[in-house]
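Structure first, commentary second.
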Amino acid sequence: QVQLVESGGGLVQPGGSLRLSCAASGTMISIYTMGWYRQAPGKQREMVATISSAGGTNSAGPVKGRFAISRDNAKNTVYLQMNNLKPEDTAVYYCNAYYSFGMNYWGKGTLVTVSS
């Protein structure tokens with residue numbers, strides 16, 4: 001059974017930094033495109049950043065230059081480094097592992113709150 005467990009969320013002041021981690025079990029993430037998504041209260045879930053199995057990255061416009069996704073296949077873990085956080089980054093952040101239609105997995109999420 002594939003499980004993704006996010007960690008590293010919390011309360012941070014505007015301008016601060018957090019590093020989210022997503023640890024996978026039950027599969028090896030090396031073949032997956034891994035991604036971070038977020039859902040703010042009252043809004044739809046949106047893509048934050050993705051990283052392909054080859055290491056290519058893609059990030060959403062609002063986080064470009066502030067957030068960076070990375071992966072450590074040996075540790076079966078993907079990370080999201082978030083810098084210069086803004087109140088509008090407040091959301092539940094979800095980890096995703098995608099390989100094909102029948103191989104698409106989600107974690108339960110970790111809450112990030114940016115507030116003074």
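In what follows, every heavy atom counts, from backbone to side chain, and hydrogens, waters and symmetry copies are set aside.
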Check: [X] side chain, [Y] main-chain N or O, donor-acceptor pair, under 3.5 Å:
X	Y	result
Thr90	Val114	yes
Glu6	Thr110	no
Arg71	Thr33	no
Ser52	Gly56	yes

Kindly write out the residues that satisfy side-chain hydrogen bond (donor to acceptor under 3.5 Å, both in side chains) with [X], not counting sequence neighbours, or none if the list is empty.
X	answer
Thr27	Tyr32
Asn104	Asn96
Ser17	Asn83
Asp89	Arg38, Arg66

| Mind checking whether Met82 and Leu20 have side chains closer than 4.5 Å, heavy atoms only? |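 Result yes, sub-4.5 Å side-chain heavy-atom pair found.
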
Closest non-hydrogen atom pair between [X] and [Y], with its separation:
X	Y	value
Leu18	Val112	CD1-CG1, 3.9 Å
Ile69	Ala49	CD1-O, 3.6 Å
Leu4	Cys22	CB-SG, 3.9 Å
Trp36	Ser21	CH2-O, 3.6 Å
Ser30	Ser53	O-CB, 3.2 Å
Ala24	Ile29	CB-CG2, 3.3 Å

Verify same cluster id: [X], [Y] (apolar side-chain graph, 4.5 Å):
X	Y	value
Ile31	Met34	yes
Tyr79	Ile51	no
Met47	Phe67	no
Val2	Val78	yes

| Side-chain hydrophobic cluster, 4.5 Å single linkage: members besides Leu11 |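 Members other than Leu11 - counting any ILVMFWY side chain reachable under 4.5 Å - there are none.
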
| Pairwise ring-ring contact (aromatic ring centres under 6.0 Å, His included) hits with a residue in residues 91-116, at least two apart |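 Matches after skipping sequence neighbours: Tyr37-Trp106.
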
| said: Tell me if the NZ atom of Lys64 is crowded by more than 12 foreign heavy atoms within 6.0 Å. | reply: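 Count over threshold, so yes.
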
